[in-house]
Amino acid sequence: MKRYSYLGDRMTDTTLKGQSCRAILREDGKTIRGKNGSMLVEFDNGRMATVIGRLLRKL
């Protein structure tokens with residue numbers, strides 16, 4: 001399982017800043033990424049979101 005910490009930016013919901021999350025994986029084991037560098041993640045509270053990939057840090 002791939003775990004990340006989401007840094008967020010000034011427009012990010014304050015409840016998501018600094019939270020840990022896990023990447024949602026495709027069937028082949030790779031993460032789901034968008035063409036603009038976004039990534040689909042699920043936070044520990046169960047909320048799924050598409051976030052900017054460069055604001056994620058591996059744990």
Under the salt bridge (charged side-chain N to carboxylate O under 4.0 Å, His left out) definition, can you give me all pairs with a residue in residues 48-58, not counting sequence neighbours? none

K17: side chain to side chain contact (heavy atoms under 4.5 Å, CB included) partners, not counting sequence neighbours: T12

Of all residues at least two apart in sequence or in a different chain, which pass the side chain to side chain contact (heavy atoms under 4.5 Å, CB included) check with L40? I24, I32, M48, T50

Checking one residue: Y4. Which other hydrophobic residues are in its cluster under the side-chain 4.5 Å linking rule? Y6, L16, M39, V41, F43, V51, I52, L55, L56

Side chain to side chain contact (heavy atoms under 4.5 Å, CB included) filter on N36, not counting sequence neighbours, yields S38

Quick one: list whatever passes salt bridge (Lys or Arg N to Asp or Glu O under 4.0 Å) with R47, sequence neighbours left out. D13

Among residues at least two apart in sequence or on other chains, which ones pass side chain to side chain contact (heavy atoms under 4.5 Å, CB included) with S5? L59

Holding to salt bridge (Lys or Arg N to Asp or Glu O under 4.0 Å), I want the full list of residues that pass it with D44, two or more places apart in sequence or in another chain. R3

Test log, rule side-chain contact (heavy atoms from CB on, under 4.5 Å), inputs T31 and R26: CA-CA 6 Å; T31 60; R26 301 187 311 200; over 6 Å; no

Could you list who else is in L7's hydrophobic cluster, with ILVMFWY side chains joined at under 4.5 Å, directly or through other members? none

